[in-house]
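Everything on this sheet refers to the single structure shown next.
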2 protein chains.
Amino acid sequence: MSRTPHHPTRAEIELPVLLDCLSDPIRLAIVYNLAKHEPEGGELRCGDFNAFSGKSNLAYHFARLREAGLVQTRLVGTARYMSLRREDLDARFPGLLDAVIASAARDADRLQMRECEAAPSD
Amino acid sequence: MSRTPHHPTRAEIELPVLLDCLSDPIRLAIVYNLAKHEPEGGELRCGDFNAFSGKSNLAYHFARLREAGLVQTRLVGTARYMSLRREDLDARFPGLLDAVIASAARDADRLQMRECEAAPSD
DNA sequence: ACGATTGTTCAATGGAAATTGAACAAAAGG
DNA sequence: CCTTTTGTTCAATTTCCATTGAACAATCGT
């Protein structure tokens, strides 16, 4: 485990990678839930998504989200807090993230979009 | 060759399929060029993209774009004219297509986005 | 120091996607 | 008709992606 996971710079974020990342139902659901919690700070723990899939599979999706530049990870004890890279994404591709999230919200039922409970913060 | 290729209805268009479709560089370039030609009617022939890849590979990508609901195909003689399904896409996922196209335009250089010449219309 | 918790890394597997070339289909034009 | 043009379909290959379980790493609590 590297002490600090790698995050691409804002300029390194690439559109096809980002779209591919968002095209996976599990990753889209993660982004959707992160967006939903933005009013309350926007941070969720990795463990908050344990109902979505197995842990190792989730770790794989978290890494893809991070390396695509969609989320940032903050280490707190043994836990990891994730949040959307709002500023970077809005600066890089204005309106794109909002349009995707709004589209996902619109189809939440059809997409069988899961929701997760935020664990009590530290 | 079926006389009329299948197009999904507006309601059948699905977000993950659409995003996956747009995440491929060749398909994104096709959509980008179709968008660029919207002021002039928005139709381009399949053959206008022949510089992008081999014909059979393009036929594969055209089918994916069509089946994702991104484009519609009109048969004229031996040629096929494609155009974006603007109304359906804007109705289904407002702002999404525009945000993607604007993002692609912004990164056109980095994406080595090819441009195609519209052949003289009939 | 020890065990529990949290999450990652690794290796292996199954399956879907992209690419290629050859063969085919439909219409246009001489 | 016969040839050319346009584009698809098919089969085969290669590559990449998602998923799984076992092993590992880092921290916390006691």
Side-chain angles (χ1 to χ4, degrees), chain A residues 1-7 14 16-30 43-68 71-83 114 116-122, chain B residues 1-7 14 16-30 43-68 70-83 116-122:
Chain A
M1 236 191 276
S2 60
R3 198 67 281 282
T4 309
H6 175 257
H7 292 77
E14 292 189 24
V17 175
L18 198 150
L19 293 174
D20 183 58
C21 214
L22 292 167
S23 72
D24 180 274
I26 292 185
R27 291 193 292 263
L28 184 59
I30 293 170
E43 280 194 327
L44 288 173
R45 288 191 326 182
C46 288
D48 292 333
F49 299 97
N50 281 343
F52 288 34
S53 181
K55 282 180 145 198
S56 66
N57 184 238
L58 285 177
Y60 163 72
H61 287 300
F62 294 149
R64 295 223 35 189
L65 286 166
R66 188 166 32 72
E67 278 154 24
V71 308
Q72 53 202 340
T73 302
R74 187 168 66 94
L75 306 175
V76 178
T78 74
R80 302 190 164 201
Y81 286 83
M82 286 195 322
S83 57
R114 288 172 176 274
C116 64
E117 291 299 310
S121 300
D122 49 341
Chain B
M1 233 191 281
S2 60
R3 201 67 279 282
T4 309
H6 175 256
H7 292 78
E14 292 188 22
V17 175
L18 198 150
L19 293 175
D20 183 57
C21 214
L22 292 167
S23 73
D24 179 274
I26 291 185
R27 292 192 292 262
L28 183 60
I30 293 170
E43 281 194 326
L44 287 173
R45 288 191 325 183
C46 288
D48 293 333
F49 298 97
N50 281 343
F52 289 34
S53 181
K55 281 181 144 195
S56 64
N57 184 236
L58 285 177
Y60 163 70
H61 286 300
F62 295 148
R64 297 226 32 193
L65 286 166
R66 188 169 30 74
E67 277 154 25
L70 268 163
V71 308
Q72 52 202 341
T73 301
R74 185 168 67 93
L75 306 175
V76 178
T78 74
R80 300 190 166 203
Y81 285 82
M82 286 195 320
S83 56
C116 64
E117 292 298 311
S121 299
D122 51 339

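Protein chains get the first letters and strands the later ones, always in sequence-line order, with residue 1 at the start of each. What you see is a predicted model; the values in this text were computed from it and never measured.
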Would you say A/Arg80 reaches C/dT8's phosphate, i.e. side-chain N/O to OP1/OP2 under 4.0 Å?
yes
Compare side-chain N and O positions of B/His61 against OP1 and OP2 of C/dA17 and report whether any pair is under 4.0 Å apart.
no
Rounded to whole Å, how long is the line connecting atom [atom1] of [X] with atom [atom2] of [N]?
X	N	atom1	atom2	result
A/Phe62	C/dG7	CZ	P	8 Å
A/Phe52	C/dG7	CZ	C1'	17 Å
B/Glu67	D/dT9	CD	C1'	13 Å
B/Asp48	D/dT6	CG	P	10 Å
A/His6	C/dT8	NE2	C1'	17 Å
B/Lys55	C/dG21	NZ	P	14 Å
A/Arg74	C/dT6	CZ	P	17 Å
B/Asp20	D/dC16	CG	C1'	12 Å

Main chain of A/His6, side chain of A/Arg66: is a donor-acceptor contact present, judged purely on distance under 3.5 Å?
yes
B/Asp24 side chain vs B/Cys21 backbone, donor-acceptor pair below 3.5 Å
no
Options [options], nucleotide nearest the side-chain atoms of [X]:
X	options	result
B/Ser56	D/dT9, D/dC28, D/dT6	D/dT9
B/Ile26	C/dT9, D/dT20, C/dT19	C/dT19
A/Arg45	C/dG7, D/dC17, D/dT6	C/dG7
B/Ala79	D/dT8, D/dT6, C/dG7	D/dT6
B/Ala59	C/dA17, D/dT9, C/dT8	D/dT9
A/Thr78	C/dG7, C/dT20, C/dT5	C/dT5

Heavy-atom nearest nucleotide on DNA chain D taken for A/Arg27 and for B/Asn57; more 5' hit belongs to B/Asn57
Kindly compute the distance separating CG (A/Asp20) from CG (B/Leu19), expressed to the nearest 0.5 Å.
9.5 Å
In Å, rounded to the nearest 0.5 Å, how long is the span from CG of B/Leu58 to CD1 of B/Ile30?
6.0 Å
Please name the pair of heavy atoms, one in A/Ser83 and one in A/Glu43, separated by the smallest distance, quoted to 0.1 Å.
CB-CG, 3.9 Å
Hey, does A/Arg66 reach any base, or is it just sugar-phosphate, or nothing, if we go heavy atoms under 4.0 Å?
nothing
